[in-house]
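Below: one structure, written as structure tokens.
Just so it is clear: chains get the letters A, B, ... in the order the sequence lines come, proteins before strands, and each one is counted from 1.
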Amino acid sequence: MNSDSDEPLSNRYSRSMSDNDEDEDELPLAQRRMPKRQQVSPAHSDDSDLPISRLNTSNGKRSRSNHTPNGHQRDTTTGNHRKRQRTSASSASIPNGKMSGVKREPKSQPKTEPVLGHRHTAVNAEPGTHRVPNGNGMSQDAPDRSNGASNGGYRWWDEKNMGGNKLKWSTLVHNGVVFPPEYVPHNKPLIYKESTISLGPAAEEIATFYAEKLGTDYVKRPKFNANFFEDFRASMKGTPAYAIVKKLEHCDFSLIHQHVEEYRRAKKAMSQEEKQAKKKLEEELASKYLYAYVDGRKEKLGSYKIEPPGLFMGRGDHPKQGKVKKRIYPEEVTINIGEDAAIPECPMPGHHWGAIVHKHDVTWVCYWKERVTNQAKYLWFAAGSTFKGMSDHAKFEKARKLHKYIDNIRRDYRNDWKAKSKEVRQRAVAMYLIDKLALRVGNEKGDDEADTVGCCSLRVEHIKFHPPSTIELNFLGKDSIEYRNTVEIERLAFEALKLFCRGKRPGDEVFHRLSVQGLNDYLKSSMDGLSAKVFRTYNASITLDRLLQETPSDMTPDELVVYFNKQNKEVAILCNHQRSLPKTHEAQMQKMDKKKNEIIEWLEELKRGKSALKRLKAGSSVELTKMRPEKPQFTEDMTREQRAEERKRANEAPRISTSVKRNLTQLETEIIKVEARLSKTESTMIMKDDLKTVALGTSKINYIDPRIVVAWCKKHDIQIEKIFPKTLQVKFAWAMETSEDFRFYEGMVS
DNA sequence: GCGAGGACTTAGTAACGAGTGG
DNA sequence: CCACTCGTTACTAAGTCCTCGC
């Protein structure tokens, strides 16, 4: 517990206003700085305080929906204590919102001299000097010892001093990036009130974006349609269509939609050779652009393509969904490259790069501003690159380090639930929720973004209290994914939380005194580099590590993989990683159910036969009735469609009763086999239904220390490819040599 | 000290294509 | 062999966290 005197005056002031007062009129202060507190000394901890899996909660039900769980929008006139209006104001800071022509430097100045892109004029380097040997700077092909690795097989994890540098590279050479091709009009008209309207190329392209989305849920959303139509109509300005096309309801995109469908069909129906040719073309392009040289090493990029134009597909209730994302031209793009490297030729004739910079402290090769959200977009290196690998490794080492501090941190936040200062109490309860429930921290969001929340931005309407100490959380989190969890929490935290909500309106923030910055600043005082997101990584990884320790020893490899996925699922549920219900899920379940019933039917027949046989003398056999599906009757001249039709008919036809003979030994072995098949079918069904809305991949890619997986695979003699697909093996190349003894929370470098 | 925005990670989904079982 | 499933990859939106400039 920190004493008042340790605090800056500003905090004391805010405390005097709020301490122990649960006044409903209490206004959030603009200042939400947290007091510094004494350093927590590291200590080892036991295995207590595991995060509680969502499965064990009284109500493990989770669902997903596209609407606000609470069914209503926050009252912005009364209950809005949130800082908003960030982006709208900022977009105005760029005059006219355009960059073209003017070579504009991105706001943050590079450490090295920036060079505004004047039509590929080489910068800093005198012509012809300090250049990589050949013209394009990509000649010195380092030998690729990589085995498909993204970084030429460079084993950075063998180096003494990996990462940690402010400067990320000394030399950077690449060939630039590729732009989406110009639009080629198809001249299919729009139908408006039953007459055809030919659109100019600009409007036609936008209409085509929309036609591509027909059939999806997006076009059912009023906001999506309204935003689209506004931009669509604006694109018609100056053409005759502008005077005619006034309402989306009267627009019929079916001719364009037809064209889109035809194009899709044709693409699908391409011959093998055509597909090959296309693939080859793509590979040729990739061979020029997909790799860059970092300090002389060949490193793979994540992508070399500027995003093509289209409609902005914002998730959830995004205010800007449906708006048109315009085509990006080189003038809007900033290239980051080494001073000595040749400046890549601008791939679009008649255009030039927006700017060329030499920022050694960042890892992107190109940057532009996306005009709908005003967000910066970058092209980065691939997941298996040295940059990403090092940073991934550092992320997990940081999470492992947290283990040394976690006991103290938990002890402290429990103590702080009783603190005098409300800010301290709010911070302590928020930390508890972040730790226990693996919640995201929840930054403030603007009015021009979907209304989603995390821990710090939780509102009163998101929590229900069920005494003595159970809370029911229901809110939309990242990507507007619903978080729904009813969970028992510690009594003191429950009481504190209830107090935070007392007298507030539904739209008020629960932790109105707490800021993300304040929370993270405080965490840093407990452990160097600690921030809220580390808890998610830590709890996800340590949960899996511990669960895997309990692996039964008598499992077959197949069973082990199933077992792994089951534990992986626990982690995914902890992190609330969801996916949408697969469209065919219901049908698949029905199919499996049918199969299961058929197995049961056959099993009963076998058992009936067995008991019948017992009444007969040894060596005799019995007649059984086996139901077989009808076989499809194909003829030579049948078309593809006819064959499919026939297959379907046979499948749906009543099964044919056949008679088979079995003796006792045959029966007994078959019963065992069929029982095994039945149990496998049943467990697959349960698993499938369990996982229908759970996404396992996200935790595997982002939260689970890959060394845990590698160690487990080695220990149980499971091939790594059963757990990690090829791309993950490349991404986690640094973890592949982990020994089977590896434990997430032991033996880490401090 | 604060807000804006820059840099980077994390996220779900659509498209693709390899594997598989009838 | 062929259709269908399912795992994988590509894509890009949406978070986190920190720095920068006022």
Please work out if A:R440 contacts a base, only the sugar-phosphate, or nothing of the nucleic acid, heavy-atom cut-off 4.0 Å.
sugar-phosphate

Validate the cation-pi geometry between A:R221 and A:F224: distance from NZ or CZ to the six-membered ring centre under 6.0 Å, angle to the ring axis within 45°.
no

From the list C:dC17, C:dA14, C:dG15, which nucleotide is the closest neighbour of the side chain of A:V516?
C:dC17

Quick one: is A:H577 getting a side-chain N or O under 4.0 Å of the B:dG12 phosphate, OP1 or OP2?
no

B:dT10 phosphate, OP1 or OP2: any side-chain N/O from A:K533 under 4.0 angstrom?
yes

So which one's nearest nucleotide on DNA chain C is more toward 5', A:N520 or A:P725?
A:P725

Touch class at under 4.0 angstrom, heavy-atom based, for A:G302 against every strand present:
nothing

Return whichever of A:S699 or A:T216 has its heavy-atom-nearest nucleotide of DNA chain B closer to the 5' end.
A:S699

Report the residue (A:T727 or A:F312) whose heavy-atom-nearest nucleotide on DNA chain C is the more 5′ of the two.
A:T727

Look at the side chain of A:V441 and decide which nucleotide, out of C:dA14, C:dT16, C:dT5, has an atom nearest to it.
C:dT16

With a 4.0 Å cut-off on heavy atoms, is A:G454 in touch with a base, just the backbone sugar-phosphate, or nothing at all?
nothing

Which nucleotide in the list C:dT16, C:dA13, B:dC8 gets nearest to the side chain of A:N443?
C:dT16

Please verify the inter-ring angle class for A:F475 with A:H462; under 30° counts as parallel, over 60° as perpendicular, anything in between as tilted.
perpendicular

Pair of N/O donor and acceptor under 3.5 Å linking B:dT10 base with A:K478 side chain:
yes

Atom CG of A:N565 and atom C1' of C:dG7: how far apart are they, to the nearest Å?
12 Å

Any A:H318 side-chain nitrogen or oxygen under 4.0 Å from OP1 or OP2 of C:dA14:
yes

Between C:dC11, C:dT12, B:dA11, which one does the side chain of A:S303 approach most closely?
C:dC11

Taking only the side-chain heavy atoms of A:K524 (C-beta and beyond), determine which of B:dA7, C:dC18, B:dG12 contains the nearest atom.
C:dC18

Tell me, for nucleotides 16-21 of chain B in 5' to 3' order, what letter each nucleotide earns: B for a base near a protein heavy atom under 4.0 Å, S for only sugar-phosphate near one, - for neither?
S-----

Measure CZ/A:R579 against P/B:dA11 and give the value in whole Å, please.
16 Å

For A:K688 and C:dC6, is the shortest distance between a side-chain N/O and OP1 or OP2 below 4.0 Å?
yes

Can you measure A:Y378 atom OH to C:dA14 atom C1' for me and round it to whole angstrom units?
14 Å

Return no unless some side-chain N or O of A:Q517 is found under 4.0 Å from OP1 or OP2 of C:dT16.
no

Separation of A:W169 CH2 from A:I337 CD1 (nearest 0.5 Å)
8.0 Å

In numerical order, the residues of residues 320-328 of chain A whose heavy atoms come under 4.0 Å of DNA chain B are none

Of C:dT5, C:dC18, C:dT12, the nucleotide closest to the side chain of A:P308 is C:dT12

Residue met sooner reading DNA chain B from 5', once A:Y218 and A:A376 are mapped to nucleotides
A:A376

Could you work out which one of C:dA13, B:dC8, C:dC6 sits closest to the side chain of A:E307?
C:dA13

